[in-house]
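Hydrogens, waters and symmetry mates are skipped; everything else that's a heavy atom, side chains included, is used.
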Amino acid sequence: MDSAPVYSREKWDGIMSELENTASTVVQQVNTIGPCFEEEAVKKFRASLRGELILPGDPDFDTARRVVNGAIDKTPALIVRCAGVADVMSSVKFARMNELTVAVRGGGHNVAGNAVCDDGMVIDLSCMRSIRVDPERRTADAEAGARWRDFDHETQAHGLATPGGMVSSTGIAGLTLGGGIGWLLGKHGLTCDNLLSADVVTADGRFLRASTNCNEDLLWGLRGGGGNFGIVTSFEYRLHSLGPVLGGTVIYPLDKAQEVLSFYKSFTSVAPDELTANATLYTRPDGVPVVSIDFCYAGSLEKGEKVVEPLKKFGSPLEDLSRPMPYCQLQTMFDNPFRVGLQSYWKATFISDLSADALNAVIAHFSHVPSGQTILFIQHYHGEMRQIGKDDAAFSHRDAEYGLLIASYWRQQAEADSNIEWTRNFFSAMQPFSMSTVYV
């Protein structure tokens, strides 16, 4: 961290503005010319690959172009399921020669649908999932197609972990490049804070390694700046010792939301670094709207029991599903396969303080949620995540205390307008309590 470059906000904004302008120019070019390939060129490109080239009309094309968000319906000109770095390099060079927009797919969870594009090339890394753990050095090298369930499975075999996401099917790549908020952020920081190095294929098809010893500026950008600096094919992470954790969820009826969220604020305000706790508002499968406090204590189980005792004694919960458990079990506890393929639209913001007015706005809007599939998350930021300097990595939101994520889901296209409007209105209503930045 000490050798990371220090940028002012003005310089960082300038870097991102230049990238956005470049991307906009490429998109305009592609929209003008459209994809047009000679059969011989495609045949030669296919022969250069160890992986699979999928074209419109192929049996699995429609499956390959789908992402988690069912509202995304884009049709690329071709999809390359890469088997290794050489395939990525070949794909980038082919895309440049043919002036194609490129979308990169890791886990396919990005709600905006950035893993797929119209009329361009999808570079699909989902087959590149190798993970190698070095228990002596406490590091792990993971290919960019791996998901957190893959990574946790390999690292926990050695009693090790790095901060990851809270849904096991999420890809490691997108989460790392955007920052990486997870259960261990208080004790060990964000995912990007534990990124030691990365292998990157640049926009001109070159292979680079970014670390604190070479291409330091690139590593700085990869630590939370998003995925527009190149295609990361492999990540090297710092690992930490981690045994069983104390975690789970305590669920209350929604009509107790005022008391529960007020308690949540006071509970998190004194949370030690080992404890990360979220508040969630959602509708259970039986149609009952609820509010829950979800948590992970990543330390001594004996100490953890004392820390969470106020929560265990608070109110009259509908269910208390918290207990000591393996970390891998907690990492899958909040998976919801029933939402995969639903249409979705999200808004998120950072909040510096959960005031009474802010909590009232949250409760008032969620009480009129148009879909029983929608979830609202309030996440607490503290500990190691906030100890890192704002300019030490591209993820600069170190002064945020809470995050608000409005994750709207619905089933039918006819429901889209009402759900999107509700989400936008909710987001607008929260602006008086929000910071000026969002989690990428």
| field | Step-by-step side chain to side chain donor-acceptor pair (under 3.5 Å) determination, S197 to S211 | value | CA-CA 4 Å; S197 68; S211 71; over 6 Å; no
| What class does the angle between the rings of H365 and F426 fall in, given that below 30° is parallel, 30 to 60° is tilted and above 60° is perpendicular? | parallel
| query | So, the side chain of Y264 versus the backbone of A277: is there a donor-acceptor pair under 3.5 Å, distance only? | reply | yes
| said: Pair T374, N419 - check side-chain contact (heavy atoms from CB on, under 4.5 Å), show working. | reply: CA-CA 9 Å; T374 291; N419 280 276; 4.3 Å; yes
| Given side chains that start at C-beta, do those of I72 and Q343 come closer than 4.5 Å, heavy atoms only? | no
| request: Using modelled atom types only, decide if a donor and an acceptor are shared between the side chain of D134 and the backbone of R137 within a distance under 3.5 Å. | output: yes
| query | Got a salt bridge between R149 and D152, using NZ or NE/NH1/NH2 to carboxylate O under 4.0 Å? | reply | no
| message | How about NE2 on H153, more than 12 heavy atoms from neighbouring residues, nucleotides or ligands closer than 6.0 Å, or not? | response | no
| request: Compare every heavy atom of V250 with every heavy atom of S322, then report the nearest pair and how far apart it is. | output: OG-CG2, 4.2 Å
| said: If I take atom CD from residue Q379 and atom CD1 from residue I181, how far apart are they, to the nearest 0.5 angstrom? | reply: 5.0 Å
| task | Begin with the C-alpha distance, continue with both residues' side-chain angles, and end with the deciding distance and a verdict on salt bridge (Lys or Arg N to Asp or Glu O under 4.0 Å) for E319 and R284. | result | CA-CA 12 Å; E319 287 185 280; R284 297 198 310 187; 3.1 Å; yes
| task | State the CD-CG distance between E52 and D60, to the nearest 0.5 angstrom. | result | 5.5 Å
| Is D118 salt-bridged to K74, cutoff N-O under 4.0 Å? | no
| message | Just by distance, no angles: are the side chains of W346 and S344 close enough, under 3.5 Å, to form a donor-acceptor pair? | response | yes
| request: Kindly say whether R398 contributes a backbone atom to a donor-acceptor pair with the side chain of R386 at under 3.5 angstrom? | output: yes
| message | Contact between L281 and L254 at the side-chain level, heavy atoms closer than 4.5 Å - yes or no? | response | yes
| message | Quick one: does any side-chain atom of T280 pair with a main-chain N or O of F377 as donor and acceptor, under 3.5 Å? | response | no
| Crowding at CG, D204 (>12 non-hydrogen neighbours, <6.0 Å) | yes
| query | How about R50: does its CZ atom have over 12 heavy atoms from other parts shown lying under 6.0 Å from it? | reply | no
| message | If I take atom CD1 from residue I231 and atom CG from residue L125, how far apart are they, to the nearest 0.5 angstrom? | response | 7.0 Å
| task | Say whether, by atom type as modelled, one donor and one acceptor occur between the side chain of R238 and the main chain of D193 under 3.5 angstrom. | result | yes
| query | Quick one: does Y345's side chain get under 4.5 Å of Y409's, heavy atoms only? | reply | no
| Between atom OG1 of T276 and atom CE of M385, what is the distance when rounded to the nearest 0.5 Å? | 10.0 Å
| said: Does any part of the side chain of V167, heavy atoms only, come nearer than 4.5 Å to the side chain of W148, both counted from C-beta? | reply: no
| request: Measure the acute angle between the ring planes of F235 and Y237, then classify it against the limits of 30° and 60° as parallel, tilted or perpendicular. | output: parallel
| field | Residue of the set F295, Y327, F334 for which ring-ring contact (aromatic ring centres under 6.0 Å, His included) holds with W183 | value | F334
| field | R138/H158 under side-chain contact (heavy atoms from CB on, under 4.5 Å): CA gap, chis, key distance, verdict | value | CA-CA 9 Å; R138 293 193 176 186; H158 303 278; over 6 Å; no
| request: Go through T139 and L196 one step at a time and tell me if the side-chain contact (heavy atoms from CB on, under 4.5 Å) criterion holds. | output: CA-CA 9 Å; T139 61; L196 299 175; 3.7 Å; yes
| message | Tell me if a side-chain donor or acceptor on T202 pairs with a main-chain N or O of G230 at a distance below 3.5 Å. | response | no
| Does a donor on one side chain sit under 3.5 Å from an acceptor on the other, for S126 and R105? | no
| query | Between E143 and R132, does at least one N-O distance fall below 4.0 Å, as a salt bridge requires? | reply | no
| query | Is it the case that more than 12 heavy atoms not belonging to K256 sit under 6.0 Å from its NZ atom? | reply | no
| Does a side-chain N-to-carboxylate-O contact under 4.0 Å join R66 and D73? | yes
| Would you say the side-chain atoms of D87 pair up with the backbone N or O of L49, donor to acceptor, closer than 3.5 Å? | no
| task | Would you mind reporting whether Q156 and L160 have side-chain heavy atoms less than 4.5 Å apart? | result | no
| message | Determine whether a donor-acceptor pair (N or O, by modelled atom type, separation under 3.5 Å) exists between the side chain of R147 and the backbone of S169. | response | yes
| So, does K390 use its side chain to make a donor-acceptor pair with the main chain of H397 at under 3.5 Å? | no
| M435 versus T349: any side-chain heavy-atom pair under 4.5 Å? | no
| R46 side chain vs L53 backbone, donor-acceptor pair below 3.5 Å | yes
| query | Once you round to the nearest 0.5 Å, how far does CG of L376 lie from CZ of F366? | reply | 6.5 Å
| request: Would you indicate whether the side-chain heavy atoms of L318 and Y252 approach each other to under 4.5 Å? | output: no
| task | Please report the shortest heavy-atom distance between T283 and G372, naming the atom on each side. | result | CB-O, 3.4 Å
| Can you name the nearest heavy-atom pair linking A203 to R96, along with the distance? | O-CD, 2.8 Å
| Can you name the closest pair of heavy atoms from A161 and L242 and give their distance? | CB-CD2, 3.8 Å
| query | How far apart are the closest heavy atoms of F433 and A361, and which atoms are they? | reply | CE1-CB, 4.0 Å
| query | Going by heavy atoms in the side chains, are V92 and V102 under 4.5 Å from each other? | reply | no
| request: Give, for atom OH of Y381 and atom OH of Y402, the distance between the pair rounded to the nearest 0.5 Å. | output: 11.5 Å
| query | What heavy-atom pair brings S292 and D294 nearest, and what distance separates the two atoms? | reply | OG-OD1, 2.8 Å
| said: Apply side chain to side chain donor-acceptor pair (under 3.5 Å) to residues S168 and D335 and explain how you reach the verdict. | reply: CA-CA 7 Å; S168 71; D335 291 0; 2.4 Å; yes
| task | Please test E236 against L195 for side-chain contact (heavy atoms from CB on, under 4.5 Å), starting from the C-alpha separation and ending with a verdict. | result | CA-CA 6 Å; E236 182 190 15; L195 180 63; 5.6 Å; no
